[in-house]
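Hydrogens, waters and symmetry mates are skipped; everything else that's a heavy atom, side chains included, is used. So you know, we letter chains A, B, ... as the sequences are listed, proteins then strands, and number each from 1.
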2 protein chains.
Amino acid sequence: MDTVLQSRSKTVVIGSDKPFCVIGERINPTGRKAFQAQLQAGDLSQIEIDVSEQVAGGADVLDVNVGDPLADEIELMRSAIQLVQNLTDLPLVIDSSVIEALEAGLGAYEGKALVNSVTGEDERLEAILPLVAKHGAAVIGLANDDEIPMEPERRLEVARKIVSVAGDHGIPPEDVVIDPLAMPVGAEPRAVTLFIETVRLIRDDLGVNMTCGASNTSFGLPGRHVLGAGFLGIAASHGLTSAIMDARAPVCVEAVRAADFLLGHDEWGGRWIAAHRAKQAAQAAGNA
Amino acid sequence: MDTVLQSRSKTVVIGSDKPFCVIGERINPTGRKAFQAQLQAGDLSQIEIDVSEQVAGGADVLDVNVGDPLADEIELMRSAIQLVQNLTDLPLVIDSSVIEALEAGLGAYEGKALVNSVTGEDERLEAILPLVAKHGAAVIGLANDDEIPMEPERRLEVARKIVSVAGDHGIPPEDVVIDPLAMPVGAEPRAVTLFIETVRLIRDDLGVNMTCGASNTSFGLPGRHVLGAGFLGIAASHGLTSAIMDARAPVCVEAVRAADFLLGHDEWGGRWIAAHRAKQAAQAAGNA
């Protein structure tokens, strides 16, 4: 099942026989005080740096989140979407918990966006899915409702509900990308094994694409990027087709591209070998 | 199912709920001309360096192979096993294609060794399994007979035969470690997906431990260690419980330890966090 995302001029396809889709997560003020202050002052200049770093790191799609309780998120989202679309031709994920901000972002976006996100709660489904349908967008469905179930079967149930209600709103299953919920392995030793089980259930039962916030897994732990890299390769091998992740971490992006090659989504390693040559050329240029 | 290996003083257990077992592969003259020449002259001094590097890199078990067509492998194996056991308390894998060398190694070894390897060919099974049984050792069974089957089901059949014939010789399933055959992904794009499928079949059907020559996967490719690291994490998540690998590649050993943590075999990350602190301390000492 293919999820097609588009900017003005570029198409990215997420699918189980496609290379893993890297969604750059950096355009987000969470945990970034200076960026928060800038957003409160209506200053979007940091976004220019973030976009260029994520693109340089190899992101296929960019997540845009400008949520700050002290800023006018609706106006910021509109401006940010326009700004980012002028900076890059990568398709975008419009990311907010505020419905009016999603609406403003969708209104400003040119192409087919991915909306981040809806949960399995009726109220959220009924508020967000009509917007997604109206703009012909795709949507990320989190596998939780008012609580976060730990049992893979319960997460599958929530995912099934989201896909079903999306269908009622005219949104086909290929435009629903389920987030099976990656959680910190430092807080719950079974976090990843339950995640893998959930991914396999959703893949076998619904067959839809999946994404997750990959860096959650390694939250609070030393050697985060190595844990994140391991998680991404493992998750891809069980059926995860995309992740929201920081493309500035080469070890994580390389792990994803290695998994593409190993899993037969980069046949004969054309992309892997080209990336290796480009890296060598850049190193040689740096040493010259 | 637990495979217990022992040296004079140390026990290592391979099992699906245990940390992944890293079998250091370096003590092997294949592709090493200087080492070959030394072995032909009866000089074992290189082994001292190899042992210390594999131990420092984090190997749990060491593979010992002194096969060279121009050397007296039988005598070399006897001396090498004694030498390595005097250098380290890690359990050993006695690795040869020459049955008399396996016999000499088993005779010299103190503890419970792992024999590398037997195939599904009747002649090899009937020659090697009695030696394994006589010495109370464990054995690696390659999932091929006179040809290397590509279909996972055929590999499972060969594995089933090896486990069954081993049983006839009084060797229990827990002392048979199956090698599902890791092959170069640069030569066969399906090499890893077929490997994963084989691992899952053997795990579900036979439940025995598994190992493989992990570096085969990345043979001839740039960025070998990153591919190898990705392969190891993925393979562990589908049921591989051990690998013969070069412990001098930190990115590969770290990938294995990250997988342990992610898959719940290093609960609360005690080992992961301790390794990180040791690395930081070593770096601080290096900078002081």
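- The residue among B:P189, B:A255, B:G230, B:G223 with the most heavy atom pairs within less than 4.5 Å of chain A is B:P189.
- In terms of non-hydrogen atom pairs under 4.5 Å with chain A, the most contact-rich of B:V226, B:V256, B:L232, B:L262 is B:L262.
- Looking at A:L221, only its side chain comes within 4.5 Å of chain B, counting heavy atoms on both sides.
- Taking both residues in full, the closest heavy atoms of B:F261 and A:L227 are given as CD2-CD2, 3.8 Å, listed atom of the first, atom of the second, then distance.
- Between chain B and the options A:A235, A:G233, A:A191, heavy-atom pairs under 4.5 Å are most frequent for A:G233.
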Chain B to chain A donor-acceptor contacts, backbone plus side chain, under 3.5 Å:
from, atom 1, to, atom 2, distance (Å)
B:P222, O, A:W272, NE1, 2.8
B:S237, OG, A:H238, NE2, 2.8
B:H238, NE2, A:S237, OG, 2.8
B:H238, NE2, A:H238, NE2, 3.3
B:W272, NE1, A:P222, O, 2.8

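- To the nearest 0.5 Å, the span separating CZ on A:F231 from CG on B:L263 amounts to 11.0 Å.
- B:I234 and A:A259 get closest at one heavy-atom pair: CD1-CB, 4.4 Å.
- Only the backbone of B:A187 comes within less than 4.5 Å of a heavy atom in chain A; its side chain stays farther off.
- Heavy atoms closer than 4.5 Å to chain A are found in the side chain of B:I196, but not in its backbone.
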